[in-house]
Engineer: 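I'd like to ask some things about the structure below.
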Amino acid sequence: MSAVKLPDGKELPIEPGDRAKDVAERIGPRLRRDAVVAKLDGKLVDLDAPVEDGEEFEVVTRDSPEGLYVLRHSTAHAMAQAILELYPGSKLTIGPPVEGGFYYDIEVAGRVTDEDLPRIEERMREIVKRDLPIYREEVSKAEAEALYRDNPYKLELIRDLKEGEVSIYRQGEFFDLCRGPHVESTGKLGAFKLQNIAGAYWRGDEKNPMLTRIYGTAWPTEKELKSYLRRLEEAKARDHRKLGKDLNLFTFSPDVGAGIPLFLPKGEMLRHLMEDFVREVQTKHGYEHVWTGHLVNERLYAKSGHLEHYEDAMFPPMKDGETSYRLKPMNCPSHMTLFNSRAHSYRDLPIRYAEFATLYRYEKSGELSGLTRVRSLTQDDAHIFCTEDQVQEEFARALEIIREVLGTYEFTDYRVRLSLRDPDSKKYISDEEKWERAEEALRSALDAAGIPYEPVRGEAAFYGPKADFMAKDVLGREWQLSTIQVDFIQPGRLGCEYIGEDGQAHTPVLLHRAVTGTTERFMAVLIEHYAGAFPTWLSPVQAAIVPVADRHLEYARKVERELAGRGLRVEVDDSINTMQKKIRENARQKVPYILVVGDTEAEAGAVNVRPRGTKKQETQKIEEFAERVLAEVAAARGSNSDSSAGGV
RNA sequence: GCCUGGGUAGCUCAGCGGUAGAGCAGCCGCCUUGUAAGCGGCAGGUCGGGGGUUCGAAUCCCUUCCCAGGCUCCA
């Protein structure tokens, strides 16, 4: 007798000719109803697919990640059908499900704009109402080519397919070259919404024609769709560009230039606090701080190889007679020049040069975005010159710094991507043996530190492999923050050397490393991570003093002097407003503490403390409040707070 | 760079061929206040820049600058 194996290990008998949906029905009518597709031996198939003896069988419901994926894929088909109906002659290309939804890239006959989306949605709903059965059809390559003789995109896709693995999905008049699987009929789609239109090059290559991409999202129920849209709204409210404006942190001006952020006093204070913190941690770990300016003779980049590999991302040269200068797009050649400014013994190593350097990169105009993609950026960069034997230890040290810094910022969930070269790509400097050693050094350093990582081919820098740290913020979004790179190539090119124990000259290994990446981008991440409510140690203003009436201004000033004298960042709100309005404004500015002072407080030498996010108040002596804040800051900054009083 | 959308007062936005608007912010007064918007008045704009169409342009067309969302997690 024939049977399939269920996920719980039980065997379920099947009849000859049984399809996935029959098996689901036999397990339970309820399951049959919730089924989207099935899984046979781990492979997703349509509910209409035949089932065979001995296979492992699993029903996939719309609540599972795979079911949702299929649901979205099928929704993309319905959208494609709607567009073909509304814009006859349009050519379909690809339409996959993606994180959160789906898209379809189409060469639309005519023009589609955002205002057309409701119309397309409307047509999609109509298609759902028609409840068209969706079925799969296996065809030969020749048949598929005949179907798509007017569609060069699909023909290109078909060309890359093997004979025998070509399938078409049909629903009513509509058909699409597709691997599947799909839901049973258009009536089985859930709640969906078309979100936006964008241009997208065919196969992502700017040499190819531009297609119209329409993004949508789809969910099993209306309720889930609503809650997803609400989450999007929440993320929008945290947008660092909006908060940056509201909190008076930074601005942009076409008068200065695109992609060049201008920091207001509060934003600059934030930068200062961020950089100061990393500087301190680095100093503690034996890094030395250097400074190498903004302009560099182009010849240096020719020598280092950057000119060849990186020129597109540099600002054009500034000519001075025979000499061409470039705005500095990276520090490594400058730091190597520092290294070369004197002779080195193996006893000097490792040498760790750190610099908060403002770099200039010519990002394409369309890629600029808020603080996350800018043309002037401040990198918390460091270069470590060491012997090959020291790589592991220095890597571990860099890792320690990264853990400490990210931990303090409450990024505890991160993974490591090991970016390796793609041996077939011309992008990389070729030196087989050195690449091998560099990759090996990184792997063993990661292994020694017990950090899990996933290797990715083709993501390496041109001079060597790197370990990138991807951290999740409170919304679960992932950001690439820290990076550690091993470089066996540049030091040799720029003639870096040290005298070894053997009295011979050797080339040092160079580790490149950044902790927060760039101050600008990291600030954007922090703003969104904290929704603008920075922890007290990081807040530009830690306490706002609100006098009850004008006659309390004098006492407010006294409180300000005393708290500032203890190292707190405080401000008196002396605007011509009512007390209520001042509380409102300072609360909106997300100041951690609002201190209300009136007759009672002035008499007692106290402040009335209203911590951020509450309406609760308590009265404390000025000194008591100062201690409270200092203790809070010390706790948040961990062991580093001890050194902060002494300065760096 | 390319596609789509957008740029109107410091901010958020309305107006979309017929005399430039609102709220907030700002300024000036009054109020002197006990925990998220007190009241009144005033001022503020070459409608991103340039060119064109028109009797007439914020509005239509061209061009340029800037901003937003995108630009292969493969049919």
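Chain letters run A, B, ... following the sequence lines, proteins first and then strands; every chain starts at 1.
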Engineer: Reckon A:Lys245 has a side-chain N or O less than 4.0 Å from the OP1 or OP2 of B:U12?
Structural biologist: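 For A:Lys245, the contact criterion (side-chain N or O under 4.0 Å from OP1 or OP2 of B:U12) is met.
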Engineer: Specify the separation, in whole Å, of atom NZ of A:Lys236 and atom C1' of B:G69.
Structural biologist: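 Taking atom C1' of B:G69 as the reference, NZ of A:Lys236 is at 11 Å.
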Engineer: Name the nucleic acid region contacted by A:Glu601, choosing base, sugar-phosphate or nothing; use a 4.0 angstrom heavy-atom cut-off, strictly under.
Structural biologist: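 Base contact - A:Glu601 has a heavy atom under 4.0 Å of at least one base atom.
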Engineer: For A:Arg584 and B:A37, is the shortest distance between a side-chain N/O and OP1 or OP2 below 4.0 Å?
Structural biologist: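 Answer no for this pair, as no side-chain N or O of A:Arg584 is under 4.0 Å from OP1 or OP2.
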Engineer: Within the structure, does a side-chain N or O atom of A:Tyr215 lie under 4.0 Å from either OP1 or OP2 of B:C71?
Structural biologist: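 Looking at the OP1 and OP2 atoms of B:C71, one of them is under 4.0 Å from a side-chain N or O of A:Tyr215.
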Engineer: Name all residues meeting the salt bridge (Lys or Arg N to Asp or Glu O under 4.0 Å) criterion together with A:Glu165; count only those two or more places apart in sequence or in a different chain, and write none if there are none.
Structural biologist: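 Salt bridge (Lys or Arg N to Asp or Glu O under 4.0 Å) list for A:Glu165, sorted by chain: empty.
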Engineer: With a 4.0 Å cut-off on heavy atoms, is A:Asp105 in touch with a base, just the backbone sugar-phosphate, or nothing at all?
Structural biologist: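 The answer is nothing, as A:Asp105 stays clear of every strand by at least 4.0 Å.
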Engineer: Is there a donor on the side chain of A:Arg610 or the base of B:A36 sitting less than 3.5 Å from an acceptor on the other?
Structural biologist: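 Answer yes: a donor N or O sits under 3.5 Å from an acceptor.
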Engineer: Mapping A:Leu161 and A:Ser575 onto RNA chain B by nearest heavy atom, which one lands closer to the 5' end?
Structural biologist: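 Of the two residues, A:Ser575 wins.
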Engineer: NA contact type, A:Lys582, heavy-atom cut-off 4.0 Å: base, sugar-phosphate, or nothing?
Structural biologist: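 No contact at all - A:Lys582 keeps every heavy atom at 4.0 Å or more from the nucleic acid.
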Engineer: Counting only distance, no hydrogens or angles, is the base of B:U35 paired donor-acceptor with the side chain of A:Asn608 under 3.5 Å?
Structural biologist: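 Such a pair exists between side chain and base.
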Engineer: Which is true for A:Ala198 with a 4.0 Å heavy-atom rule: it touches a base, it touches only sugar-phosphate, or it touches nothing?
Structural biologist: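 Here A:Ala198 touches the bases of the nucleic acid.
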Engineer: Give A:Ile94 one of three labels, base, sugar-phosphate or nothing, depending on what nucleic acid heavy atoms sit under 4.0 Å from its own.
Structural biologist: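 Sugar-phosphate, no base atom in range.
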Engineer: Look at the side chain of A:Tyr201 against the base of B:G70 and say whether a donor-acceptor pair falls under 3.5 Å; ignore hydrogens and angles.
Structural biologist: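 Answer is no: no donor-acceptor pair is held.
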Engineer: When the P atoms of B:G26 and B:U64 are considered, how many whole Å apart are they?
Structural biologist: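 40 Å, rounded to whole Å.
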Engineer: Tell me whether the side-chain N or O atoms of A:Gln195 pair up with the base of B:G70 as donor and acceptor below 3.5 Å, since no angle test is needed here.
Structural biologist: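 Between B:G70 and A:Gln195, which were checked side chain against base, a qualifying N/O pair under 3.5 Å is absent.
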Engineer: Specify whether A:His182 and A:His73 have parallel, tilted or perpendicular ring planes, treating 30° as the upper limit for parallel and 60° as the lower limit for perpendicular.
Structural biologist: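 The arrangement is tilted - the two ring planes meet at 30° to 60°.
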Engineer: Between A:Arg373 (CZ) and B:G69 (C1'), how many Å, whole number?
Structural biologist: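 Taking CZ of A:Arg373 and C1' of B:G69, I get 15 Å after rounding.
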Engineer: Look at A:Arg213 and B:C71 and indicate whether a side-chain polar atom (N or O) is within less than 4.0 Å of OP1 or OP2.
Structural biologist: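 Affirmative; the distance criterion is met.
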Engineer: Other residues, nucleotides and ligands only: do more than 12 of their heavy atoms fall within 6.0 Å of OH on A:Tyr87?
Structural biologist: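 Counting neighbours around OH of A:Tyr87, more than 12 heavy atoms of other residues, nucleotides or ligands fall under 6.0 Å, so yes.
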Engineer: Nearest-Å distance, CG (A:Leu232) to P (B:G69)?
Structural biologist: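 So the CG-P distance, A:Leu232 to B:G69, works out to 13 Å.
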Engineer: Got a salt bridge between A:Asp239 and A:Arg241, using NZ or NE/NH1/NH2 to carboxylate O under 4.0 Å?
Structural biologist: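 So A:Asp239 pairs with A:Arg241 through a salt bridge.
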Engineer: Consider the side chain of A:Arg203, meaning its heavy atoms from C-beta on, and name the nucleotide among B:U32, B:C74, B:A75 that approaches it most closely.
Structural biologist: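 Given the options B:U32, B:C74, B:A75, the side chain of A:Arg203 is closest to B:C74.
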Engineer: Calculate the interatomic distance between A:Ile106 atom CD1 and B:U72 atom P; express it in whole Å.
Structural biologist: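 My rounded result for the distance is 17 Å.
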Engineer: Is the shortest side-chain N/O distance from A:Arg551 to OP1 or OP2 of B:U33 below 4.0 Å?
Structural biologist: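 So the side chain of A:Arg551 is within the cut-off, an N or O lying under 4.0 Å from OP1 or OP2 of B:U33.
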Engineer: Does A:Glu173 have more than 12 heavy atoms from other residues, nucleotides or ligands lying within 6.0 Å of its CD?
Structural biologist: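 Open: at most 12 neighbouring heavy atoms sit under 6.0 Å from CD of A:Glu173.
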Engineer: Which atom pair, heavy atoms only, marks the closest approach of A:Arg326 to A:Leu307?
Structural biologist: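 Where A:Arg326 meets A:Leu307 most closely, the heavy atoms are NH2-CD1, 3.8 Å.
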Engineer: So, under a plain 3.5 Å distance rule, would you say the side chain of A:Ser369 forms a donor-acceptor pair with the base of B:G69?
Structural biologist: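 Not at all, since no donor on one side and acceptor on the other fall under 3.5 Å apart.
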Engineer: Describe the nucleic acid contact of A:Ala258 in one word from base, sugar-phosphate, nothing, applying a heavy-atom distance below 4.0 Å.
Structural biologist: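 Result for A:Ala258 = sugar-phosphate.
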Engineer: Using the side-chain heavy atoms of A:Met210, tell me which of these nucleotides is nearest: B:C3, B:U35, B:C31.
Structural biologist: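 So the nucleotide nearest the side chain must be B:C3.
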Engineer: When you check the phosphate oxygens OP1 and OP2 of B:C3, does a side-chain N or O of A:Thr212 lie under 4.0 Å from one of them?
Structural biologist: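 For B:C3, neither OP1 nor OP2 has a side-chain N or O of A:Thr212 closer than 4.0 Å.
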Engineer: Are A:Arg241 and B:G69 close enough that a side-chain N or O sits under 4.0 Å from OP1 or OP2?
Structural biologist: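 True: A:Arg241 side-chain N/O within range (under 4.0 Å) of B:G69 OP1/OP2.
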Engineer: Could you note down all residue pairs passing salt bridge (Lys or Arg N to Asp or Glu O under 4.0 Å) where residues 520-531 of chain A supplies at least one of them, sequence neighbours left out?
Structural biologist: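 Every salt bridge (Lys or Arg N to Asp or Glu O under 4.0 Å) pair that includes a residue of residues 520-531 of chain A, provided the two are not neighbours, is A:Arg271-A:Glu520, A:Arg477-A:Glu528.
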Engineer: Check every strand shown and say whether A:Gly100 touches a base, only sugar-phosphate, or nothing at a heavy-atom separation below 4.0 Å.
Structural biologist: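 Here A:Gly100 touches no strand at all.
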Engineer: Which is true for A:Asn196 with a 4.0 Å heavy-atom rule: it touches a base, it touches only sugar-phosphate, or it touches nothing?
Structural biologist: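 Answer is sugar-phosphate: A:Asn196 comes under 4.0 Å of backbone atoms only.
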Engineer: Give the rounded distance in Å between these two atoms: CG of A:Asn208 and P of B:C71.
Structural biologist: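 Going from A:Asn208 (CG) to B:C71 (P), I get 15 Å.
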Engineer: Find which nucleotide of RNA chain B each of A:Leu177 and A:Gln617 is nearest to by heavy atoms, and output the residue with the more 5' nucleotide.
Structural biologist: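 Upstream on the strand: A:Gln617.
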Engineer: What nucleic acid atoms does A:Gly613 come within less than 4.0 Å of, heavy atoms only: base, sugar-phosphate, or nothing?
Structural biologist: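 Contact class for A:Gly613: none.
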Engineer: Would you confirm whether the ring centroid of A:Tyr153 sits within less than 6.0 angstrom of the ring centroid of A:Trp202?
Structural biologist: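 Yes.
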Engineer: So what does A:Val98 touch, heavy atoms closer than 4.0 Å: a base, only the sugar-phosphate, or nothing?
Structural biologist: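 The answer is nothing, as A:Val98 stays clear of every strand by at least 4.0 Å.
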Engineer: Grab the NZ-P distance between A:Lys162 and B:A75 for me, whole Å please.
Structural biologist: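 A:Lys162 atom NZ is separated from B:A75 atom P by 15 Å.
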Engineer: Please work out if A:Glu165 contacts a base, only the sugar-phosphate, or nothing of the nucleic acid, heavy-atom cut-off 4.0 Å.
Structural biologist: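 Touches a base.
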